[in-house]
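Below is one structure, written out as structure tokens; comments come after it.
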Amino acid sequence: MTNNVSLGIKYMLFASFMFACMGAFAKELSDSMTSIEVVFFRNVFGVILILISIYKKPLDQKGGKPFLLFFRGAVGFSALLFFFYNIANIPLGEAMTFSKTSTIFTAIFAFIFVKERLAFRGWLGVFIGFIGILFITGFDGSSLDKTDWLGILSGVGAALAYTSIRELRKYYDSRTIVLSFMLIGTIGPVILMGISEFYVNEKYDYIFGKFVMPQTDDWLYIVLLGLVSTLAQVYMTKAYSVAKAGIIGTISYANIAFSILIGLLLGDSFPGIWIILGIILIVFSGVLVSSKKD
């Protein structure tokens, strides 16, 4: 068991680093294209890989929950859209921290919708997590920046997606669940970019954006984005398959540290004291929520 835990930690650390690299490549691409287009390239790569996998090994599932499957895809796509917009507009570590609030919201949604018990330690984690969000957003709920709202919504969207997976996995192959997200995450940007050819609104630039033909150098980043995103998913899955979810969930917060370091290399400013305290509180809350018995 010790060896499995050690292996799981190594897998998760590698996956966390790959997730941070994904953010870095997305940030680099955002200099020459909209975050909507970056989301498109992030997902189309995954769709191709999953379809190849299904071709080699056909699906084995009973199905029966198409609307829930669509819901998972839609909220997952929305969360990714907000996340990538934030990556383009705020420091990478801060954007990653907002996305990791999904652990807090997942605990709440699982309690409400799945009737999953949440012990005192879990509720304490939720409370501390919200205090952490206040630190990061500057305590002023009356004047939150667009990126603050989108950061919180990215965590909420991801949490709804994760909660729906708990029900969907009873009916669908895991590849179908991921494909639902990536297909919507591929078709959605195409529709939004098409609308943007006729309608532009700077206020909603996280939704609307015109397609820009990638430059020669961009194609390298696009390939790397698809590659590290796939590796991150594969090794995260491996990590959860060999060790307890509580342990792996705790280790997954390493991607915040990796993201801060990589962000500094890309020119991000060092986080201020309040943001650092907020990150610490959110990580601690995630550890409390993730450390339930499993």
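No experiment lies behind these values; they were computed from the predicted model shown.
Annotation: cation-pi pair Lys146/Tyr206 absent, no NZ/CZ under 6.0 Å from the ring centroid and within 45° of its normal.
Residue Val190 is not grouped with residue Val212 when hydrophobic side chains (ILVMFWY) are merged at heavy-atom distances under 4.5 angstrom, including chains of intermediate members. One hydrophobic cluster, built from ILVMFWY side chains closer than 4.5 Å, cannot hold both Phe181 and Leu49; they sit in different ones. The same ILVMFWY cluster, assembled from side-chain heavy atoms under 4.5 Å apart, contains both Leu277 and Phe284. By the rule that hydrophobic residues join a cluster once side-chain heavy atoms approach within less than 4.5 Å of another member, Phe45 and Val178 end up as members of separate clusters. Using a 4.5 Å cut-off between side-chain heavy atoms of Ile, Leu, Val, Met, Phe, Trp and Tyr, with links allowed through other members, Ile191 and Leu80 fall into the same hydrophobic cluster.
Counting heavy atoms from C-beta outward, Phe67 and Arg72 have side chains that stay 4.5 Å or more apart. Between Asp148 and Asp145 the shortest side-chain heavy-atom distance falls below 4.5 Å. For the pair Leu160/Phe71, a side-chain contact is recorded, criterion being any heavy-atom separation below 4.5 Å from C-beta on. Here the side chains of Phe17 and Tyr235 are not in contact, with every heavy-atom distance at 4.5 Å or above.
Ile152 and Phe98 make their closest contact through N-CD2, 3.9 Å (heavy atoms, listed as atom of the first residue, atom of the second, distance). Taking each heavy atom of Phe109 and Val156 in turn, the nearest pair found is CE1-O, 3.8 Å. Of all the heavy atoms in Ile260 and Gly93, the pair that sits closest is CG1-CA, 3.7 Å. The shortest heavy-atom contact between Ala95 and Phe83 is O-CE1, 3.6 Å. The two residues Ala232 and Met18 come nearest to each other via the heavy atoms CB-CB, 3.7 Å. The heavy-atom pair separating Lys210 from Glu37 by the smallest distance is O-OE1, 4.0 Å.
Between the side chain of Asn89 and the backbone N or O of Tyr85 there is at least one donor-acceptor pair closer than 3.5 Å. Within the 3.5 Å criterion, the main-chain N or O of Ile87 finds a donor-acceptor partner in the side chain of Lys27. Checking side-chain atoms of Trp123 against main-chain N and O of Leu118 turns up a donor-acceptor pair under 3.5 Å. Formation of a donor-acceptor pair under 3.5 Å by the Lys100 side chain with backbone atoms of Gly155 is not found in this model. Judged purely by atom type and a 3.5 angstrom limit, Ser229 has no side-chain atom pairing as donor or acceptor with the backbone of Gly226. Judged purely by atom type and a 3.5 angstrom limit, Asn43 uses its side chain to pair as donor or acceptor with the backbone of Gly185.
A distance of 11.0 Å separates OG in Ser164 from CZ in Arg169, rounded to the nearest 0.5 Å. The structure places CD1 of Ile187 at 12.0 Å from CG of Leu192, a figure rounded to the nearest 0.5 Å. To the nearest 0.5 Å, atom CG of residue Asn255 and atom CE of residue Met236 are 10.5 Å apart. Going from atom CG of Leu29 over to atom CG of Asp217 covers 10.5 Å, rounded to the nearest 0.5 Å. Here the CZ-CG distance, from Phe25 to Leu225, works out to 8.0 Å after rounding to the nearest 0.5 Å. Separating the OH atom in Tyr162 from the OG1 atom in Thr103 is a distance of 8.0 Å, to the nearest 0.5 Å.
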For the pair Leu179 and Leu51, evaluate side chain to side chain contact (heavy atoms under 4.5 Å, CB included) and give the outcome as yes or no after the intermediate values. CA-CA 8 Å; Leu179 184 61; Leu51 290 177; 4.2 Å; yes

Starting from the C-alpha separation in whole Å, work towards a yes-or-no answer on side chain to side chain donor-acceptor pair (under 3.5 Å) for Ser32 and Asp218. CA-CA 8 Å; Ser32 56; Asp218 291 335; 2.9 Å; yes

Just do the side chain to side chain contact (heavy atoms under 4.5 Å, CB included) check on Val38 and Ser30 with the steps written out, would you? CA-CA 7 Å; Val38 178; Ser30 297; 4.1 Å; yes

Thr186 and Phe40: side chain to side chain contact (heavy atoms under 4.5 Å, CB included), yes or no, with the steps? CA-CA 5 Å; Thr186 300; Phe40 167 77; 3.6 Å; yes

Show, in sequence, the C-alpha distance, side-chain angles and deciding distance for Phe70 and Ser180, and conclude whether the side chain to side chain contact (heavy atoms under 4.5 Å, CB included) test is met. CA-CA 7 Å; Phe70 176 81; Ser180 70; over 6 Å; no

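One side chain, Ser53 or Arg175, offers a donor N or O that lies under 3.5 Å from an acceptor on the other. Side chains of Asn86 and Thr147: a donor-acceptor N/O pair is absent below 3.5 angstrom, by distance only.
By the neighbour-count criterion of 12 heavy atoms within 6.0 Å, atom CZ of Phe105 is densely surrounded, having more than that number from other residues, nucleotides or ligands. Enclosure of atom CZ in Phe211 by more than 12 non-hydrogen atoms of other residues, nucleotides or ligands within 6.0 angstrom is indicated. Within a 6.0 Å radius of CZ in Phe111, other residues, nucleotides and ligands contribute 12 heavy atoms or fewer. The environment of CG in Asp60 is sparse: at most 12 heavy-atom neighbours from other residues, nucleotides or ligands sit within 6.0 Å. More than 12 heavy atoms of other residues, nucleotides or ligands lie within 6.0 Å of OH in Tyr253, so this atom counts as buried by the packing criterion.
Paired with Leu92 under the rule side-chain contact (heavy atoms from CB on, under 4.5 Å), one option of Ile262, Leu261, Leu265 passes, and it is Ile262.
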